[in-house]
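One structure is given here, and the rest of the page talks about it.
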Amino acid sequence: MENPRMVRQQVRKIIRVACDRCKGSGFLPGEIELNPIIEIPREEEHGDYSTNIAFLLAPKVRKSPQEIAKVLVENMDFAEICEKVEVAARGFMNFYVKDAVWRDTLKRMSDKGLDSMFPNVGEGKRVLIEFVSSNPTGPLHIGHGRGAAVGDVLANVLMKTGYTVVKEYYVNDAGKQIETLGQSTYARWRELEGDPIPFEEHFYQGDYVKDIAALLAERKSSIPPLRDEAVRFMAKFASDEVMHGIERDLADFGVIFDNYYRETKLYENGDVDETLKVLQGKDYAYEKDGALWFRTGLFERDEDRVLVKSDGEKTYFASDIAYHKNKLERDFDILIDIWGSDHHGYIPRLRASIEALGKNKESLKVLLIQFVTLLKDGKPVGMSTRSGQFTTLKEVLDEVGKNAARFFFLMRKSDAHLEFDLDLAKKTSNENPVYYVQYAHARIESIFRVAKDEGVSAASLRDADVGLLTLKDETMLIKGILNFFNVVEGSARSFEPHRITFYLLDLVGKFHSYYNKTRVIGDDRGVTLARLLLLDMLRQVIQSGLSILGVSAPERM
RNA sequence: GCGCCUGUAGCUCAAUUAGGAUAGAGCAACGGACUUCUAAUCCGUAGGUUCCGUGUUCGAGUCACGGCAGGCGCGCCA
C-alpha cells in the first residue's frame, strides 16, 4: 500500500466486488447502486474499518441485514489485505486489516518521505485566506490572536494538501474610525503641549494613543499648524504607527502575511466606483431617500443595504464588495474570510453581492471565530477596545509565549467559545497540554541521542525489518502515525485546523504509554532498529504536526 | 419580535468523510509505578437521564419540530 488512504480504497473495492458477485448470482438485484460508508469504528474490537452496507441494502431486497452481511462476506476476496472480515450481531461488517499491511505502509513512508503521503485535496486550486484584518486604530487583542492562529494554521493545512495559498490582511485605513483616531491623538498631543482640549467619550482611551502623541511631540516641526490638517496628519501617522505595532505582534506570534491590502487603494484605483457602476448597471442598486441601496433581498433573505449614504459618503459595505470583486479577479478559486462571530449578520449581504457580480457565491467561505474569555486566577478578565481595558495579544504572548498561545487557541473548534486559562498556559507542568506533546518529541530525540552513542546511525534504519514490530502497542502506534494523513485531509476538507491539535494529543498519549512499558534500545539489534524506525516516523509526524500549528518541537526539555 | 451559534462527567472539551455498535479524553479526587532510552511520564479506581419534550428509523449526542438557558447579531457604524 502506498499510503493509508489506499487501504480504505481497497476495502471499498473488496465490498464492490462482493456486491457484483452477488448480483451475478441473483442474490442482489442488478440495478442497485449504493455508496456505503466505510468508517473507522470507535471500538477497537470492531476492527480497522466497518461498513453499514447491509443496513442500506436490507429494505431494498427485503432481507435481514445479518443475512445480507453473511452472504456478502461469503462472496468476498479479502485475504490480500485483511486477516478476517466478521459480521457483527446487528449486521455491521468489520474488516480486520493485516498488521503486515500497516507495517509495510510505515516502511514505505520511511522510504519515500512524509511529503509523498499527504493527499492532494486542493489539486492546485488557488485560495485566498483573509484574516485578522483588524482596524489600525488600536493594538491586537486576544480575540484577534485566535483569528490569527486559526487563519495561519488553516493556511498551513491547505498548503500541505495541494492548495496554493495566499494570506492577506485587509487594512481598513479609510473612514471614520481612522478620523477618530486622529482626533484622539490630537487631543492627547494638546495635553502634552500644555494646551488641553476636551477628550471626548468616543475617542480611543488606550495608553497607546498617548505614546503616539508623545512620539509626535518630539517631531513638533512636522505637524501642520491648522487643526483640521493636524488631525488628518495625525490620523495617518497614528494608524501607520499602530499598523507597525500590529505587524510586530503578528511576527512575534509567528504569523507572516503575504499581502497587506489597503482599503484606500480600492478608492484610489477606482475599484469602488467601478463596482457601484456595475451594480447600478444591472439594476441591483437603486436610489431612495437620497442614498444608494443594494438589493440584497434579491439574492438572500436579508434587507436591502446602503452603499452610498445620503451625505455622499460610501459605506464600508461598498468598499468591501469592491474588495471581494478584486479578490475574485485575482483568480482565486476559493475565498476564505475569517471574522469575529459578532459579524455573522454580515454574511448574507456579502454573499448576495458576490452573486450580483455574476460570481459563484459558494466560492466564499466565512469562518466565524467565537470570543475568547481570558481567565486569570480562575476569574474572567473583561475587555473593551474603547475603554482601553482590553488584554492585548502582546500581553498574552509576553506572559505565556508563542507556543502555548497558538496551541491553546487551537484546542477548540473556532465557532465555540474559548476559555483561555492564563495560569494553565503558563504552567511548566503536566497539566499543560502543550508540554505533553513537546515532551514526547524531546523524549524521542533523547532516545536517538543514546542510540547514536551506541553506534546506530540514521542510515542503518534503512535496513530495519518492520516485521519485528509485533507488539500490540506498536501496531496501534503505527496506525496512529498513518492516521495523521487522514486527519490532515479531514482538516483541509472541513476547514477545521483544530483537528490537528486533538490528533497530536491523542497520538503522543499512545507514545507515552508505549515508552513506559517498552525499552527501545536493547540487546537485540534487529528489534532496536525496527523500533527506532517506528520512532523516527513518529518523530517526523509530531514535527510535521507541530510545524503546521506553528509550535516548536524542542530536542530537550 | 426575527436570525445565527452554543448546551455532553464537578471543571474544560471530544465524538472522524453530516445518523452507527457499550458516548470518550484532560484537569480536579482517590490508590499505585523512577537502580532503566527524560516521572513535564505511566498504570488503576470513581465519575452520565448528552438541557427538556415530541417525532423521523433497523439505529439519534448527531436529523426535524416545539420549548428552556447562555452568547452574538438585526445602523445611511466599521
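Owing to the predicted nature of the structure, the values given are computational and were not obtained by experimental measurement. In the text below, chain A, chain B and the rest are named by the order of the sequence lines, each starting its count at 1.
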Taking the [atom1] atom in each of [N] and [M], what is the distance between them to the nearest angstrom?
{"N": "B:G1", "M": "B:C76", "atom1": "C1'", "result": "24 Å"}
{"N": "B:A64", "M": "B:G71", "atom1": "C1'", "result": "24 Å"}
{"N": "B:U57", "M": "B:C51", "atom1": "P", "result": "23 Å"}
{"N": "B:G20", "M": "B:A15", "atom1": "P", "result": "12 Å"}
{"N": "B:A14", "M": "B:G7", "atom1": "P", "result": "8 Å"}
{"N": "B:G24", "M": "B:A9", "atom1": "C1'", "result": "11 Å"}
{"N": "B:C5", "M": "B:C27", "atom1": "P", "result": "33 Å"}
{"N": "B:C4", "M": "B:G66", "atom1": "P", "result": "11 Å"}

Check whether any side-chain N or O of [X] sits under 4.0 Å from OP1 or OP2 of [N], and answer yes or no.
{"X": "A:Tyr503", "N": "B:A15", "answer": "no"}
{"X": "A:Tyr435", "N": "B:A40", "answer": "no"}
{"X": "A:Arg42", "N": "B:A21", "answer": "yes"}

Hey, does [X] reach any base, or is it just sugar-phosphate, or nothing, if we go heavy atoms under 4.0 Å?
{"X": "A:Arg519", "answer": "base"}
{"X": "A:His417", "answer": "sugar-phosphate"}
{"X": "A:Tyr515", "answer": "base"}
{"X": "A:Asp415", "answer": "sugar-phosphate"}
{"X": "A:Val520", "answer": "base"}

I'd like to know whether the aromatic ring centres of A:Phe118 and A:Phe485 sit less than 6.0 Å apart in this structure.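 So the answer is yes for these two rings.
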
Which of these nucleotides, B:G3, B:U22, B:A40, is closest to any side-chain atom of A:Arg90?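 Among B:G3, B:U22, B:A40, the one nearest the side chain of A:Arg90 is B:U22.
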
On a plain distance test, is the side chain of A:Asn94 in donor-acceptor contact with the base of B:A21 below 3.5 Å?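 For A:Asn94, whose side chain was compared with the base of B:A21, there is a donor-acceptor pair (under 3.5 Å).
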
Ignoring hydrogens and geometry beyond distance, is the side chain of A:Arg8 in donor-acceptor contact with the base of B:U17 at under 3.5 Å?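 Under the 3.5 Å cut-off, the side chain and the base do form a donor-acceptor pair.
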
Where along nucleotides 73-78 of chain B does protein come under 4.0 Å, by heavy atom, of base (B) or sugar-phosphate alone (S), with - for untouched nucleotides? S-SBSB

Examine A:Arg539 relative to A:Phe448 and say whether NZ or CZ is less than 6.0 Å from the centre of the six-membered ring and inside a 45° cone about the ring axis.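 Verdict for A:Phe448: a cation-pi partner in A:Arg539.
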
Tell me if B:A46 is syn or anti. Syn = glycosidic torsion within 90° of 0, anti otherwise.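 The base of B:A46 is oriented anti (glycosidic angle more than 90° from 0).
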
Measure the acute angle between the ring planes of A:Phe317 and A:Tyr346, then classify it against the limits of 30° and 60° as parallel, tilted or perpendicular.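 Ring orientation, 0 to 90° scale: perpendicular.
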
Does B:G1 have a Watson-Crick or wobble mate here (both distances under 3.5 Å), and if so which one?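 The base-pairing partner of B:G1, which may sit in any strand shown, is B:C74.
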
Quick one: look up who B:C65 pairs with, Watson-Crick or G-U, both distances under 3.5 Å, and put none if it's unpaired.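 With both distances under 3.5 Å, B:C65 matches B:G53.
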
May I ask you to decide whether A:Glu362 forms a salt bridge with A:Arg351, counting only side-chain N to carboxylate O separations under 4.0 Å?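 Answer for the salt bridge query: yes.
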
Rounded distance (Å) that lies between atom [atom2] of [N] and atom [atom1] of [X]:
{"X": "A:Leu424", "N": "B:C13", "atom1": "CG", "atom2": "C1'", "value": "13 Å"}
{"X": "A:Tyr436", "N": "B:U12", "atom1": "OH", "atom2": "P", "value": "22 Å"}
{"X": "A:Arg412", "N": "B:A15", "atom1": "CZ", "atom2": "C1'", "value": "14 Å"}

State, to 0.1 Å, how close A:Asp273 and A:Lys314 come at their nearest heavy-atom pair, and which atoms those are.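 Of all heavy-atom pairs spanning A:Asp273 and A:Lys314, the closest is OD1-NZ, 3.0 Å.
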
Give a yes or no on this: more than 12 heavy atoms of other residues, nucleotides or ligands lie within 6.0 Å of atom NZ of A:Lys265.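 12 or below, so no.
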
Interface with RNA chain B, restricted to residues 477-488 of chain A and to heavy atoms under 4.0 Å: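 By residue number: none to list.
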
